[in-house]
Number of protein chains: 2
Amino acid sequence: MTSIRERNQELILRAASEEFADKGFAATKTSDIAAKAGLPKPNVYYYFKSKENLYREVLESIIEPLLAASAPFNQPGRPAEVLKAYIRSKIRISRELPFASKVFASEIMHGAPHLSPEQTEQLNAQAKHNISCIQRWIDQGLMAKVDPHHLMFSIWAATQTYADFDWQISTVTGKGSLDDEDYEAAVRTITRLVIKGCDIDETVPSASEQVSNA
Amino acid sequence: MTSIRERNQELILRAASEEFADKGFAATKTSDIAAKAGLPKPNVYYYFKSKENLYREVLESIIEPLLAASAPFNQPGRPAEVLKAYIRSKIRISRELPFASKVFASEIMHGAPHLSPEQTEQLNAQAKHNISCIQRWIDQGLMAKVDPHHLMFSIWAATQTYADFDWQISTVTGKGSLDDEDYEAAVRTITRLVIKGCDIDETVPSASEQVSNA
DNA sequence: GTCTATATCTGGATAGAC
DNA sequence: GTCTATCCAGATATAGAC
(Lines give C-alpha, C1' and ligand atoms only; values in the text may rest on other atoms or scores of the structure.)
Protein backbone atom coordinates (compact mmCIF):
# COMPACT_ATOMS: atom_id res chain seq x y z
CA MET A 1 0.00 0.00 0.00
CA THR A 2 1.16 3.49 -0.77
CA SER A 3 0.59 5.99 1.99
CA ILE A 4 -0.47 9.56 1.33
CA ARG A 5 3.00 10.52 2.43
CA GLU A 6 4.69 8.46 -0.25
CA ARG A 7 2.28 9.63 -2.90
CA ASN A 8 2.74 13.31 -2.05
CA GLN A 9 6.51 13.05 -1.83
CA GLU A 10 6.53 11.44 -5.23
CA LEU A 11 4.27 14.14 -6.68
CA ILE A 12 6.50 16.88 -5.29
CA LEU A 13 9.71 15.22 -6.46
CA ARG A 14 8.38 14.80 -9.95
CA ALA A 15 7.14 18.39 -10.11
CA ALA A 16 10.42 19.64 -8.70
CA SER A 17 12.48 17.74 -11.30
CA GLU A 18 10.57 19.39 -14.10
CA GLU A 19 10.70 22.88 -12.62
CA PHE A 20 14.39 22.71 -11.74
CA ALA A 21 15.20 21.30 -15.18
CA ASP A 22 13.17 23.96 -16.89
CA LYS A 23 14.26 27.05 -14.98
CA GLY A 24 17.30 26.14 -12.95
CA PHE A 25 17.61 26.12 -9.17
CA ALA A 26 17.57 29.84 -8.44
CA ALA A 27 14.79 30.72 -10.87
CA THR A 28 12.47 28.00 -9.59
CA LYS A 29 9.79 29.07 -7.11
CA THR A 30 8.64 26.61 -4.48
CA SER A 31 5.11 27.89 -5.07
CA ASP A 32 5.35 26.72 -8.69
CA ILE A 33 6.53 23.31 -7.58
CA ALA A 34 3.60 23.07 -5.19
CA ALA A 35 1.16 24.21 -7.87
CA LYS A 36 2.49 21.68 -10.37
CA ALA A 37 2.24 18.94 -7.74
CA GLY A 38 -1.32 20.04 -6.95
CA LEU A 39 -0.52 20.65 -3.30
CA PRO A 40 -0.30 23.69 -1.05
CA LYS A 41 3.13 25.23 -0.71
CA PRO A 42 3.72 24.41 2.97
CA ASN A 43 3.49 20.72 2.12
CA VAL A 44 6.66 21.11 0.13
CA TYR A 45 8.41 22.36 3.25
CA TYR A 46 6.71 19.81 5.43
CA TYR A 47 8.01 16.89 3.39
CA PHE A 48 11.37 18.31 2.35
CA LYS A 49 12.49 20.93 4.88
CA SER A 50 13.91 23.35 2.30
CA LYS A 51 14.12 24.16 -1.39
CA GLU A 52 17.78 23.20 -1.38
CA ASN A 53 17.04 19.87 0.24
CA LEU A 54 14.45 19.09 -2.40
CA TYR A 55 16.91 20.07 -5.09
CA ARG A 56 19.53 17.75 -3.65
CA GLU A 57 17.10 14.85 -3.71
CA VAL A 58 16.35 15.45 -7.37
CA LEU A 59 20.06 15.63 -8.04
CA GLU A 60 20.72 12.45 -6.12
CA SER A 61 18.10 10.56 -8.12
CA ILE A 62 20.26 10.73 -11.23
CA ILE A 63 23.55 9.61 -9.67
CA GLU A 64 22.69 5.94 -9.45
CA PRO A 65 21.41 5.64 -13.05
CA LEU A 66 24.55 7.45 -14.22
CA LEU A 67 26.80 5.05 -12.38
CA ALA A 68 24.72 2.11 -13.59
CA ALA A 69 25.27 3.21 -17.19
CA SER A 70 28.96 2.39 -16.75
CA ALA A 71 28.16 -1.22 -15.90
CA PRO A 72 29.51 -2.47 -19.27
CA PHE A 73 32.93 -1.24 -18.19
CA ASN A 74 32.76 -3.15 -14.93
CA GLN A 75 32.87 -6.62 -16.45
CA PRO A 76 35.25 -8.12 -18.98
CA GLY A 77 34.27 -7.39 -22.56
CA ARG A 78 35.59 -6.40 -25.93
CA PRO A 79 35.74 -2.70 -26.92
CA ALA A 80 32.94 -2.90 -29.50
CA GLU A 81 30.36 -4.47 -27.23
CA VAL A 82 31.24 -2.41 -24.16
CA LEU A 83 31.22 0.93 -25.95
CA LYS A 84 28.03 0.12 -27.83
CA ALA A 85 26.24 -0.85 -24.62
CA TYR A 86 27.56 2.26 -22.88
CA ILE A 87 26.42 4.64 -25.60
CA ARG A 88 23.00 3.01 -25.64
CA SER A 89 22.65 3.31 -21.86
CA LYS A 90 23.64 6.95 -21.88
CA ILE A 91 21.14 7.78 -24.61
CA ARG A 92 18.48 5.86 -22.72
CA ILE A 93 19.10 8.00 -19.64
CA SER A 94 18.80 11.18 -21.69
CA ARG A 95 15.50 9.94 -23.01
CA GLU A 96 13.97 8.40 -19.92
CA LEU A 97 15.25 10.80 -17.28
CA PRO A 98 15.41 14.06 -19.21
CA PHE A 99 14.60 16.31 -16.27
CA ALA A 100 17.06 14.86 -13.81
CA SER A 101 19.65 14.75 -16.60
CA LYS A 102 19.23 18.46 -17.19
CA VAL A 103 19.42 19.25 -13.50
CA PHE A 104 22.65 17.28 -13.32
CA ALA A 105 24.08 19.04 -16.38
CA SER A 106 23.21 22.44 -14.96
CA GLU A 107 24.79 21.47 -11.67
CA ILE A 108 28.03 20.41 -13.36
CA MET A 109 28.05 23.52 -15.51
CA HIS A 110 28.08 25.69 -12.41
CA GLY A 111 30.86 23.77 -10.74
CA ALA A 112 28.77 21.18 -8.85
CA PRO A 113 28.16 23.34 -5.75
CA HIS A 114 25.50 20.97 -4.41
CA LEU A 115 27.20 17.63 -5.06
CA SER A 116 28.62 16.01 -1.95
CA PRO A 117 32.32 15.11 -1.98
CA GLU A 118 31.29 11.45 -1.85
CA GLN A 119 29.12 11.76 -4.95
CA THR A 120 31.84 13.64 -6.77
CA GLU A 121 34.34 10.97 -5.83
CA GLN A 122 32.06 8.12 -6.90
CA LEU A 123 31.47 9.64 -10.31
CA ASN A 124 35.10 10.55 -10.73
CA ALA A 125 36.31 7.09 -9.76
CA GLN A 126 33.97 5.46 -12.26
CA ALA A 127 35.09 7.88 -14.97
CA LYS A 128 38.74 7.13 -14.29
CA HIS A 129 38.02 3.41 -14.34
CA ASN A 130 36.35 3.69 -17.74
CA ILE A 131 39.22 5.74 -19.10
CA SER A 132 41.87 3.31 -17.88
CA CYS A 133 39.84 0.49 -19.40
CA ILE A 134 40.04 2.23 -22.77
CA GLN A 135 43.76 2.81 -22.27
CA ARG A 136 44.22 -0.93 -21.69
CA TRP A 137 42.44 -1.73 -24.95
CA ILE A 138 44.77 0.65 -26.73
CA ASP A 139 47.79 -0.97 -25.13
CA GLN A 140 46.49 -4.38 -26.20
CA GLY A 141 46.14 -3.15 -29.78
CA LEU A 142 42.36 -3.61 -29.75
CA MET A 143 41.73 -0.02 -30.86
CA ALA A 144 43.56 2.95 -32.30
CA LYS A 145 45.64 5.31 -30.15
CA VAL A 146 42.90 7.83 -29.40
CA ASP A 147 43.23 9.95 -26.26
CA PRO A 148 40.92 8.10 -23.85
CA HIS A 149 40.03 11.23 -21.87
CA HIS A 150 38.90 13.14 -24.90
CA LEU A 151 37.09 10.10 -26.26
CA MET A 152 35.08 9.88 -23.04
CA PHE A 153 34.34 13.61 -23.11
CA SER A 154 32.99 13.27 -26.64
CA ILE A 155 30.80 10.30 -25.74
CA TRP A 156 29.41 12.02 -22.68
CA ALA A 157 28.71 15.20 -24.58
CA ALA A 158 27.16 13.53 -27.61
CA THR A 159 24.80 11.42 -25.52
CA GLN A 160 23.93 14.03 -22.89
CA THR A 161 23.07 16.60 -25.51
CA TYR A 162 19.75 14.88 -26.25
CA ALA A 163 18.52 15.77 -22.76
CA ASP A 164 20.38 19.03 -22.15
CA PHE A 165 19.82 20.75 -25.46
CA ASP A 166 16.46 19.30 -26.43
CA TRP A 167 15.24 22.77 -27.38
CA GLN A 168 17.99 23.13 -29.96
CA ILE A 169 17.34 19.65 -31.29
CA SER A 170 13.62 20.33 -31.59
CA THR A 171 14.26 23.63 -33.33
CA VAL A 172 16.70 22.21 -35.85
CA THR A 173 14.83 19.00 -36.61
CA GLY A 174 11.47 20.77 -36.57
CA LYS A 175 10.05 17.99 -34.40
CA GLY A 176 8.37 18.64 -31.09
CA SER A 177 9.87 15.48 -29.65
CA LEU A 178 11.98 12.65 -30.96
CA ASP A 179 10.49 9.20 -31.53
CA ASP A 180 11.96 5.68 -31.27
CA GLU A 181 13.53 5.87 -34.71
CA ASP A 182 15.17 9.24 -33.94
CA TYR A 183 16.82 7.83 -30.83
CA GLU A 184 17.92 4.77 -32.78
CA ALA A 185 19.49 7.08 -35.36
CA ALA A 186 21.28 8.93 -32.56
CA VAL A 187 22.67 5.70 -31.14
CA ARG A 188 23.69 4.53 -34.63
CA THR A 189 25.45 7.80 -35.45
CA ILE A 190 27.38 8.12 -32.20
CA THR A 191 28.26 4.43 -32.19
CA ARG A 192 29.55 4.65 -35.74
CA LEU A 193 31.72 7.68 -34.99
CA VAL A 194 33.24 5.93 -32.00
CA ILE A 195 33.68 2.43 -33.45
CA LYS A 196 34.97 3.45 -36.85
CA GLY A 197 36.75 6.51 -35.49
CA CYS A 198 38.76 4.30 -33.15
CA ASP A 199 39.38 1.48 -35.65
CA ILE A 200 37.56 -0.99 -33.43
CA ASP A 201 36.99 -4.49 -34.74
CA GLU A 202 33.28 -5.23 -34.80
CA THR A 203 33.38 -8.88 -35.73
CA VAL A 204 32.02 -11.21 -33.09
CA PRO A 205 34.57 -13.80 -31.94
CA SER A 206 33.76 -17.28 -33.24
CA ALA A 207 32.58 -20.01 -30.85
CA SER A 208 35.99 -21.69 -30.90
CA GLU A 209 37.74 -18.45 -30.05
CA GLN A 210 35.33 -17.83 -27.22
CA VAL A 211 35.98 -21.30 -25.84
CA SER A 212 39.71 -20.88 -26.22
CA ASN A 213 39.52 -17.84 -23.95
CA ALA A 214 38.29 -19.96 -21.07
CA MET B 1 40.71 57.50 -27.15
CA THR B 2 38.61 55.41 -24.83
CA SER B 3 36.12 57.37 -22.75
CA ILE B 4 35.33 56.48 -19.17
CA ARG B 5 31.98 55.35 -20.48
CA GLU B 6 33.49 52.78 -22.81
CA ARG B 7 35.91 51.58 -20.19
CA ASN B 8 33.22 51.11 -17.55
CA GLN B 9 30.82 49.41 -19.93
CA GLU B 10 33.58 47.02 -20.85
CA LEU B 11 34.41 46.33 -17.22
CA ILE B 12 30.78 45.64 -16.41
CA LEU B 13 30.26 43.43 -19.43
CA ARG B 14 33.29 41.35 -18.63
CA ALA B 15 32.30 40.96 -14.99
CA ALA B 16 28.73 40.12 -16.00
CA SER B 17 29.88 37.39 -18.41
CA GLU B 18 31.81 35.69 -15.68
CA GLU B 19 29.08 35.97 -13.08
CA PHE B 20 26.31 34.81 -15.40
CA ALA B 21 28.46 31.93 -16.62
CA ASP B 22 29.34 30.93 -13.11
CA LYS B 23 25.96 31.15 -11.43
CA GLY B 24 23.32 31.48 -14.13
CA PHE B 25 21.01 34.43 -14.73
CA ALA B 26 18.69 34.12 -11.75
CA ALA B 27 21.37 33.36 -9.19
CA THR B 28 23.58 36.25 -10.24
CA LYS B 29 23.33 39.41 -8.13
CA THR B 30 23.89 42.77 -9.79
CA SER B 31 25.78 43.81 -6.66
CA ASP B 32 28.27 41.01 -7.33
CA ILE B 33 28.68 42.13 -10.91
CA ALA B 34 29.32 45.67 -9.73
CA ALA B 35 31.78 44.48 -7.11
CA LYS B 36 33.68 42.35 -9.64
CA ALA B 37 33.79 45.32 -12.03
CA GLY B 38 35.05 47.54 -9.21
CA LEU B 39 32.15 49.98 -9.57
CA PRO B 40 29.13 50.94 -7.46
CA LYS B 41 25.95 49.07 -8.22
CA PRO B 42 23.94 51.99 -9.65
CA ASN B 43 26.51 52.31 -12.42
CA VAL B 44 25.39 48.94 -13.69
CA TYR B 45 21.87 50.30 -14.00
CA TYR B 46 23.05 53.60 -15.38
CA TYR B 47 24.89 51.92 -18.25
CA PHE B 48 22.61 48.97 -18.83
CA LYS B 49 19.13 49.89 -17.58
CA SER B 50 18.37 46.42 -16.15
CA LYS B 51 19.89 43.09 -15.21
CA GLU B 52 18.04 41.44 -18.05
CA ASN B 53 19.34 43.98 -20.55
CA LEU B 54 22.89 43.35 -19.43
CA TYR B 55 22.33 39.62 -19.72
CA ARG B 56 21.03 40.03 -23.25
CA GLU B 57 24.14 41.95 -24.25
CA VAL B 58 26.37 39.17 -22.93
CA LEU B 59 24.25 36.66 -24.79
CA GLU B 60 24.40 38.68 -27.98
CA SER B 61 28.19 38.84 -27.84
CA ILE B 62 28.45 35.12 -28.57
CA ILE B 63 26.03 34.99 -31.51
CA GLU B 64 28.36 36.50 -34.07
CA PRO B 65 31.35 34.27 -33.18
CA LEU B 66 29.06 31.26 -33.33
CA LEU B 67 27.81 32.18 -36.78
CA ALA B 68 31.34 32.98 -37.89
CA ALA B 69 32.44 29.47 -36.90
CA SER B 70 30.23 28.13 -39.70
CA ALA B 71 32.15 30.11 -42.31
CA PRO B 72 33.80 26.96 -43.72
CA PHE B 73 30.34 25.76 -44.75
CA ASN B 74 29.61 29.00 -46.58
CA GLN B 75 32.18 28.53 -49.31
CA PRO B 76 32.83 25.60 -51.61
CA GLY B 77 35.09 22.99 -50.08
CA ARG B 78 35.59 19.29 -49.62
CA PRO B 79 34.17 17.51 -46.56
CA ALA B 80 37.52 16.88 -44.87
CA GLU B 81 38.72 20.46 -44.97
CA VAL B 82 35.36 22.03 -44.10
CA LEU B 83 34.67 19.75 -41.14
CA LYS B 84 38.21 20.05 -39.82
CA ALA B 85 38.05 23.85 -39.96
CA TYR B 86 34.62 23.84 -38.34
CA ILE B 87 35.66 21.64 -35.44
CA ARG B 88 38.75 23.76 -34.88
CA SER B 89 36.69 26.97 -34.84
CA LYS B 90 34.18 25.56 -32.39
CA ILE B 91 36.90 24.41 -30.02
CA ARG B 92 38.56 27.80 -30.32
CA ILE B 93 35.32 29.50 -29.24
CA SER B 94 35.02 27.20 -26.24
CA ARG B 95 38.53 28.11 -25.28
CA GLU B 96 38.59 31.83 -26.02
CA LEU B 97 35.04 32.74 -25.04
CA PRO B 98 34.34 30.29 -22.24
CA PHE B 99 32.05 32.56 -20.26
CA ALA B 100 29.81 33.67 -23.11
CA SER B 101 29.76 30.05 -24.33
CA LYS B 102 28.46 28.90 -21.00
CA VAL B 103 25.86 31.63 -20.87
CA PHE B 104 24.69 30.59 -24.31
CA ALA B 105 24.56 26.92 -23.33
CA SER B 106 22.57 27.70 -20.21
CA GLU B 107 20.20 29.82 -22.27
CA ILE B 108 19.62 27.01 -24.75
CA MET B 109 19.20 24.48 -21.97
CA HIS B 110 16.31 26.48 -20.56
CA GLY B 111 14.58 26.89 -23.89
CA ALA B 112 16.20 30.13 -25.06
CA PRO B 113 13.73 32.47 -23.28
CA HIS B 114 15.93 35.52 -23.87
CA LEU B 115 16.95 34.93 -27.49
CA SER B 116 15.12 37.14 -29.97
CA PRO B 117 13.21 35.43 -32.78
CA GLU B 118 15.70 36.96 -35.22
CA GLN B 119 18.68 35.46 -33.40
CA THR B 120 16.96 32.10 -33.18
CA GLU B 121 16.18 32.23 -36.87
CA GLN B 122 19.74 33.22 -37.82
CA LEU B 123 21.25 30.36 -35.85
CA ASN B 124 18.67 27.91 -37.09
CA ALA B 125 19.13 28.93 -40.72
CA GLN B 126 22.88 28.47 -40.47
CA ALA B 127 22.43 25.09 -38.82
CA LYS B 128 20.06 23.94 -41.55
CA HIS B 129 22.47 25.16 -44.20
CA ASN B 130 25.32 23.17 -42.67
CA ILE B 131 23.17 20.08 -42.45
CA SER B 132 22.02 20.30 -46.07
CA CYS B 133 25.64 20.79 -47.07
CA ILE B 134 26.51 17.49 -45.39
CA GLN B 135 23.53 15.83 -47.04
CA ARG B 136 24.82 16.99 -50.43
CA TRP B 137 28.22 15.44 -49.73
CA ILE B 138 26.49 12.18 -48.89
CA ASP B 139 24.46 12.32 -52.09
CA GLN B 140 27.67 12.94 -54.02
CA GLY B 141 29.27 9.90 -52.45
CA LEU B 142 31.93 11.98 -50.70
CA MET B 143 31.12 10.53 -47.31
CA ALA B 144 29.19 7.67 -45.70
CA LYS B 145 25.43 7.78 -45.16
CA VAL B 146 25.48 9.22 -41.64
CA ASP B 147 22.41 11.10 -40.45
CA PRO B 148 23.50 14.73 -40.92
CA HIS B 149 21.36 16.07 -38.07
CA HIS B 150 22.81 13.70 -35.54
CA LEU B 151 26.30 14.24 -36.87
CA MET B 152 25.93 17.99 -36.28
CA PHE B 153 24.51 17.40 -32.78
CA SER B 154 27.54 15.28 -31.94
CA ILE B 155 29.99 17.87 -33.25
CA TRP B 156 28.27 20.71 -31.39
CA ALA B 157 28.15 18.72 -28.18
CA ALA B 158 31.73 17.44 -28.35
CA THR B 159 33.17 20.89 -28.99
CA GLN B 160 30.90 22.88 -26.63
CA THR B 161 31.61 20.54 -23.75
CA TYR B 162 35.07 22.06 -23.23
CA ALA B 163 33.44 25.33 -22.20
CA ASP B 164 30.22 24.10 -20.63
CA PHE B 165 31.53 21.25 -18.54
CA ASP B 166 35.01 22.54 -17.74
CA TRP B 167 34.53 21.56 -14.12
CA GLN B 168 34.02 17.92 -15.08
CA ILE B 169 36.98 18.02 -17.41
CA SER B 170 39.20 19.53 -14.74
CA THR B 171 38.04 16.97 -12.20
CA VAL B 172 38.62 13.97 -14.44
CA THR B 173 41.92 15.10 -15.94
CA GLY B 174 43.14 16.44 -12.62
CA LYS B 175 44.31 19.62 -14.34
CA GLY B 176 43.19 23.06 -13.25
CA SER B 177 43.06 24.23 -16.83
CA LEU B 178 43.88 22.75 -20.19
CA ASP B 179 46.95 23.88 -22.14
CA ASP B 180 47.66 24.20 -25.86
CA GLU B 181 48.47 20.52 -26.20
CA ASP B 182 45.25 19.48 -24.46
CA TYR B 183 43.16 21.52 -26.87
CA GLU B 184 45.12 20.10 -29.79
CA ALA B 185 44.36 16.61 -28.50
CA ALA B 186 40.68 17.53 -28.27
CA VAL B 187 40.65 18.76 -31.87
CA ARG B 188 42.55 15.66 -33.01
CA THR B 189 40.19 13.28 -31.24
CA ILE B 190 36.94 14.87 -32.40
CA THR B 191 38.29 15.31 -35.93
CA ARG B 192 39.31 11.69 -36.09
CA LEU B 193 35.94 10.43 -34.90
CA VAL B 194 34.17 12.53 -37.50
CA ILE B 195 36.50 11.96 -40.47
CA LYS B 196 37.05 8.25 -39.98
CA GLY B 197 33.55 7.71 -38.63
CA CYS B 198 32.07 9.13 -41.82
CA ASP B 199 34.53 7.44 -44.21
CA ILE B 200 35.73 10.80 -45.46
CA ASP B 201 38.65 10.86 -47.88
CA GLU B 202 41.47 12.91 -46.41
CA THR B 203 43.79 12.97 -49.38
CA VAL B 204 44.37 16.41 -50.86
CA PRO B 205 43.34 16.62 -54.50
CA SER B 206 46.35 16.80 -56.82
CA ALA B 207 47.12 19.99 -58.73
CA SER B 208 45.76 18.52 -61.96
CA GLU B 209 42.49 17.54 -60.31
CA GLN B 210 42.17 20.99 -58.80
CA VAL B 211 42.63 22.57 -62.19
CA SER B 212 40.22 20.16 -63.81
CA ASN B 213 37.54 21.39 -61.43
CA ALA B 214 37.71 24.89 -62.90
C1' DG C 1 -0.96 15.54 8.87
C1' DT C 2 -2.72 19.67 6.32
C1' DC C 3 -3.14 24.40 4.91
C1' DT C 4 -4.17 29.76 5.72
C1' DA C 5 -2.05 33.67 6.88
C1' DT C 6 2.05 35.98 7.83
C1' DA C 7 6.91 37.06 9.14
C1' DT C 8 11.35 37.98 7.24
C1' DC C 9 14.79 38.78 4.14
C1' DT C 10 17.07 39.24 -0.17
C1' DG C 11 18.03 41.71 -4.09
C1' DG C 12 16.46 44.59 -8.25
C1' DA C 13 15.78 49.18 -9.03
C1' DT C 14 15.81 54.35 -8.20
C1' DA C 15 15.58 59.20 -5.99
C1' DG C 16 18.24 62.70 -5.39
C1' DA C 17 22.70 64.74 -3.54
C1' DC C 18 27.12 65.79 -5.52
C1' DG D 1 28.09 61.51 -15.14
C1' DT D 2 28.62 59.29 -10.48
C1' DC D 3 27.27 57.12 -6.24
C1' DT D 4 24.84 57.03 -1.21
C1' DA D 5 20.84 55.80 0.84
C1' DT D 6 16.54 53.78 0.37
C1' DC D 7 12.40 51.70 -1.46
C1' DC D 8 9.65 47.77 -2.34
C1' DA D 9 8.39 43.49 -4.87
C1' DG D 10 8.74 38.89 -4.50
C1' DA D 11 10.25 34.60 -2.59
C1' DT D 12 11.66 31.45 1.26
C1' DA D 13 10.12 29.77 5.25
C1' DT D 14 7.05 29.16 9.38
C1' DA D 15 3.45 29.94 13.16
C1' DG D 16 -0.52 28.29 14.44
C1' DA D 17 -5.48 27.05 13.43
C1' DC D 18 -7.83 22.94 11.89
Side-chain angles (χ1 to χ4, degrees), chain A residues 1-60 99 102-103 106-107 110-111 113-115, chain B residues 1-61 99 103 106-107 110-111 113-115:
Chain A
M1 131 198 173
T2 44
S3 62
I4 289 181
R5 180 179 208 95
E6 284 169 32
R7 202 188 70 101
N8 284 355
Q9 284 185 337
E10 185 53 38
L11 282 172
I12 292 167
L13 264 179
R14 186 187 308 271
S17 300
E18 295 188 26
E19 286 297 305
F20 286 138
D22 207 43
K23 315 251 185 69
F25 175 75
T28 295
K29 300 185 256 190
T30 52
S31 59
D32 285 351
I33 295 175
K36 180 164 276 190
L39 292 168
K41 189 171 60 161
N43 277 29
V44 173
Y45 288 91
Y46 175 67
Y47 287 120
F48 300 88
K49 208 175 126 77
S50 71
K51 179 182 171 182
E52 194 164 332
N53 230 35
L54 178 51
Y55 176 80
R56 260 196 276 263
E57 292 224 18
V58 170
L59 194 57
E60 193 177 347
F99 303 118
K102 250 190 197 183
V103 171
S106 186
E107 175 70 13
H110 298 125
H114 300 275
L115 271 190
Chain B
M1 126 198 175
T2 43
S3 62
I4 289 180
R5 180 178 208 94
E6 284 169 33
R7 202 189 70 102
N8 284 355
Q9 284 185 336
E10 186 53 37
L11 282 172
I12 292 167
L13 265 178
R14 186 187 308 272
S17 300
E18 296 187 26
E19 286 296 307
F20 286 138
D22 208 43
K23 314 251 186 67
F25 176 73
T28 294
K29 299 185 259 189
T30 52
S31 58
D32 285 350
I33 295 175
K36 180 165 279 192
L39 293 167
K41 187 169 64 159
N43 276 30
V44 173
Y45 288 90
Y46 174 69
Y47 288 119
F48 297 90
K49 207 176 129 77
S50 71
K51 180 183 171 182
E52 193 164 332
N53 230 34
L54 177 52
Y55 176 80
R56 262 195 275 263
E57 292 225 20
V58 171
L59 194 56
E60 194 177 345
S61 73
F99 302 117
V103 172
S106 186
E107 175 70 11
H110 298 124
H114 300 275
L115 270 190

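Just so it is clear, the structure is predicted and the values come from calculations on it, not from any experiment. Chain identifiers are assigned alphabetically (A, B, ...) following the order of the sequence lines, protein sequences preceding nucleic acid strands; residue numbering begins at 1 within each chain.
The residue A:Phe48 sits apart from the nucleic acid: no heavy atom pair falls under 4.0 Å.
Rounded to an integer number of Å, the gap from CG of B:Leu39 to P of D:dG1 is 14 Å. As rounded to whole Å, 15 Å separates atom P of C:dT14 from atom CG of B:Asn43. For the pair B:Tyr55 OH and C:dG12 P, the computed distance is 15 Å after rounding to whole Å.
Aromatic ring pairs are classed by plane angle as parallel below 30°, tilted from 30° to 60° and perpendicular above 60°; the pair A:Phe20 and A:Tyr55 is perpendicular.
The heavy-atom pair separating B:Ser17 from B:Phe99 by the smallest distance is O-CB, 3.7 Å. Closest of all the heavy-atom pairs between A:Arg5 and A:Tyr46 is NH1-OH, 3.9 Å.
Checked against the 6.0 Å centroid threshold, A:His110 and A:Phe25 do not count as a close aromatic pair.
At least one side-chain nitrogen or oxygen of A:Asn8 sits closer than 4.0 Å to the OP1 or OP2 atom of C:dT2.
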Would you mind building the protein contact string for nucleotides 4-18 of chain D? One character per nucleotide, 5' to 3', B for base within reach (heavy atoms under 4.0 Å), S for sugar-phosphate only, - for untouched. B------SBBB----

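Salt bridge annotation for B:Arg56-B:Glu52: present, with a cationic side-chain nitrogen under 4.0 angstrom from a carboxylate oxygen.
Distance check: A:Lys102 NZ to A:Glu18 CD gives 10.5 Å after rounding to the nearest 0.5 Å.
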